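In the text below, chain A, chain B and the rest are named by the order of the sequence lines, each starting its count at 1. Predicted model, so just to flag it, every value in this text is computed and none were measured. Scope of the values below: all heavy atoms of this structure, side chains included, with no hydrogens, waters or symmetry mates.
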Number of protein chains: 2
Amino acid sequence: MQLSNSSQYAIRILAYMADNKDSKLLNATELAKTLYIPYKFLTKIMTELVKSGLVVSIRGRDGGYKFEKKTSEIMVSDILAIFNDSIKNEQCVLGIGFCNGLCKCALHDQWVEPKHLLQKMFQESSLEDIAGKGCKI
Amino acid sequence: MQLSNSSQYAIRILAYMADNKDSKLLNATELAKTLYIPYKFLTKIMTELVKSGLVVSIRGRDGGYKFEKKTSEIMVSDILAIFNDSIKNEQCVLGIGFCNGLCKCALHDQWVEPKHLLQKMFQESSLEDIAGKGCKI
DNA sequence: TATAAATACTACTTAAAGGTAGAATTAATT
DNA sequence: AATTAATTCTACCTTTAAGTAGTATTTATA
Ligand code: SF4
Ligand code: SF4
């Protein structure tokens, strides 16, 4: 019952970048050191973030990463979507997955509310919202 | 962001057993067929449920499984605990895991409420509560 | 033009979850 | 006592997530 490492790392990376978006570019070496994320794994994640259009990369010496969009326009749910970690309406708590209104599982009714709150948390939190709140890692 | 297969299966198995606790014993073959759970995986799970004291097994011909406790006294959270899938108070949404009140992560504040609802759902749902609600698988 | 420092690509390895196979054990029935 | 049908044990296989290695590519600067 938790997000994948990739999603967790990506949120932390982007939250940190949002926190430091005054500095022109942030590079992978610095991000990995600051955030205690394995360098090679971080670059893999960054490449996915670039491909998905959330950030742009500048290659070559003095290169790095910066945002493509405004941080107020990037929601945490957008990040989760990249790593197939979104909470969808049809997300199933007991793994059956094809139930309808007539035939629902033992926990269906209890699941509705927390599922909705999770969705809300991810869909309504922008990077601007969560940047600068608390610690940096 | 979902329970492990083992937890999901275990909840479905026990909810079904609670639903059919009038029948003396339920055996693995029948449970596997009815619930569409791989037989060998199901027996592995059942053995863990026996060891943890939630159900008792009768071995040999005409054997099977039945509850050790009342279904009103078995909470879904008890099942999750067996498979290390509980939602703990200190459960971390961004995977850092050692933050305190002073230094908290970007999503800490937003996480409190849904986490609490998840805990509530699992801690306050007994097998009696969820049995007989909806479909059988 | 050579060098250095950065991202991107391809491929591999490791660890954990999910699942399977087969034999051993148990106990009721014939 | 033999058979049958059940659980349990040990060991293995498969798939996916997580992480690593090495090379290629790009670009600023001396
Ligand atoms: S009713 Fe339960 S098992 Fe069925 S799709 Fe909904 S959450 Fe999943
Ligand atoms: S503050 Fe955030 S990152 Fe830190 S332990 Fe709590 S949930 Fe995890």
Side-chain angles (χ1 to χ4, degrees), chain A residues 1-13 17 23-68 80 82-86 92 94-97, chain B residues 1-13 17 23-68 80 82-85 94-97:
Chain A
M1 205 69 183
Q2 61 174 12
L3 298 173
S4 67
N5 278 15
S6 294
S7 291
Q8 293 182 336
Y9 285 155
I11 295 169
R12 286 171 50 200
I13 293 164
M17 285 178 63
S23 47
K24 259 284 175 77
L25 288 177
L26 292 167
N27 67 53
T29 306
E30 181 189 342
L31 289 170
K33 273 186 191 157
T34 309
L35 301 172
Y36 302 98
I37 297 172
Y39 172 80
K40 281 289 197 179
F41 199 22
L42 183 137
T43 59
K44 198 184 216 175
I45 289 169
M46 291 313 292
T47 302
E48 293 192 71
L49 295 178
V50 169
K51 282 181 179 165
S52 67
L54 259 54
V55 306
V56 292
S57 62
I58 313 294
R59 296 181 64 166
R61 184 170 166 171
D62 297 343
Y65 304 97
K66 65 179 179 184
F67 284 108
E68 170 80 338
L80 299 187
I82 296 167
F83 302 97
N84 291 313
D85 232 346
S86 303
C92 182
L94 291 191
I96 298 172
Chain B
M1 204 71 186
Q2 61 174 11
L3 298 173
S4 67
N5 279 13
S6 294
S7 291
Q8 294 181 335
Y9 286 154
I11 295 169
R12 285 170 50 201
I13 293 164
M17 285 177 63
S23 46
K24 261 284 176 78
L25 289 176
L26 292 166
N27 67 52
T29 307
E30 180 188 342
L31 289 170
K33 272 186 191 157
T34 309
L35 300 172
Y36 302 99
I37 297 172
Y39 171 80
K40 281 290 197 177
F41 199 21
L42 182 137
T43 59
K44 196 184 219 175
I45 289 169
M46 291 313 293
T47 301
E48 294 192 70
L49 295 178
V50 169
K51 283 181 178 164
S52 67
L54 260 55
V55 306
V56 292
S57 62
I58 313 295
R59 295 182 66 167
R61 183 168 166 173
D62 297 342
Y65 304 97
K66 66 179 178 184
F67 285 106
E68 170 80 339
L80 299 187
I82 297 167
F83 301 96
N84 291 312
D85 231 346
L94 292 191
I96 298 171

Problem - Under-4.0 Å side-chain N/O to phosphate OP1/OP2 contact, A:K51 with C:dC9 - result: yes

Exercise for the section: Let me know the distance between OH of B:Y9 and C1' of C:dG19, rounded to the nearest Å. Expected result: 9 Å

Exercise for the section: Tell me whether the OP1 or OP2 atom of C:dG19 has a side-chain N or O from B:Y39 closer than 4.0 Å. Expected result: no

Handout entry: Spacing between A:N27 atom CG and D:dA28 atom P, to the nearest angstrom
Key = 15 Å

Practice task
Would you kindly give the CG-to-P distance between A:L31 and C:dA6, to the nearest whole Å?
Solution key: 12 Å

Problem - Side-chain N,O (A:T47) to OP1/OP2 (C:dA8) below 4.0 Å - result: yes

Exercise for the section: For B:F83, answer base if it contacts any base atom (sugar-phosphate contacts may also be present), sugar-phosphate if it contacts only those atoms, and nothing otherwise; contact means non-hydrogen atoms under 4.0 Å. Expected result: nothing

Problem - Audit row: B:I82, B:K51, side chain to side chain contact (heavy atoms under 4.5 Å, CB included) steps and yes/no - result: CA-CA 10 Å; B:I82 297 167; B:K51 283 181 178 164; over 6 Å; no

Practice task
Kindly say whether, by distance alone, the side chain of B:K40 makes a donor-acceptor pair under 3.5 Å with the base of C:dG18?
Solution key: no

Handout entry: Residue mapping more 5' on DNA chain C - nearest nucleotide basis, B:G60 or A:R61
Key = A:R61

Exercise for the section: Could you check how far CE of A:M46 sits from P of C:dC9, rounded to whole Å? Expected result: 14 Å

Completion exercise
side chain to side chain contact (heavy atoms under 4.5 Å, CB included) test vs A:L49 passes for just one of A:Y65, A:F83, A:F67, namely A:F83

Exercise for the section: Would you tell me if any nitrogen or oxygen in the side chain of A:S57 comes within less than 4.0 Å of OP1 or OP2 on C:dA8? Expected result: yes

Practice task
Would you mind reporting whether A:N5 and A:Q8 have side-chain heavy atoms less than 4.5 Å apart?
Solution key: yes

Exercise for the section: Return the value, rounded to whole Å, for the distance between atom CD1 of A:I45 and atom P of C:dA8. Expected result: 13 Å

Completion exercise
Per side chain to side chain contact (heavy atoms under 4.5 Å, CB included), B:V50 is matched among B:V55, B:I45, B:V56 by B:V55

Fill in the blank from the handout: B:L25 atom CG is separated from D:dA6 atom C1', nearest whole Å, by 10 Å

Exercise for the section: State whether the distance check finds a donor on one side and an acceptor on the other, under 3.5 Å, for side chain A:R59 versus base D:dT25. Expected result: yes

Problem - Nucleotide C:dA17, atom C1' - distance to CG of A:N5 in whole Å - result: 14 Å

Problem - Backbone of B:S7 reached by a side-chain donor or acceptor of B:D85 within 3.5 Å - result: no

Exercise for the section: Take atom CZ of A:F41 and atom C1' of C:dT13, then tell me their distance rounded to the nearest Å. Expected result: 14 Å

Problem - Side chain of B:D62 - closest among D:dT8, C:dA28, D:dT29 - result: C:dA28

Practice task
Would you mind classifying the nucleic acid contact of B:Y65 as base, sugar-phosphate or nothing, using non-hydrogen atoms under 4.0 angstrom?
Solution key: sugar-phosphate

Practice task
Just call it for B:S4: base, sugar-phosphate, or nothing, with non-hydrogen atoms closer than 4.0 Å on any strand.
Solution key: sugar-phosphate

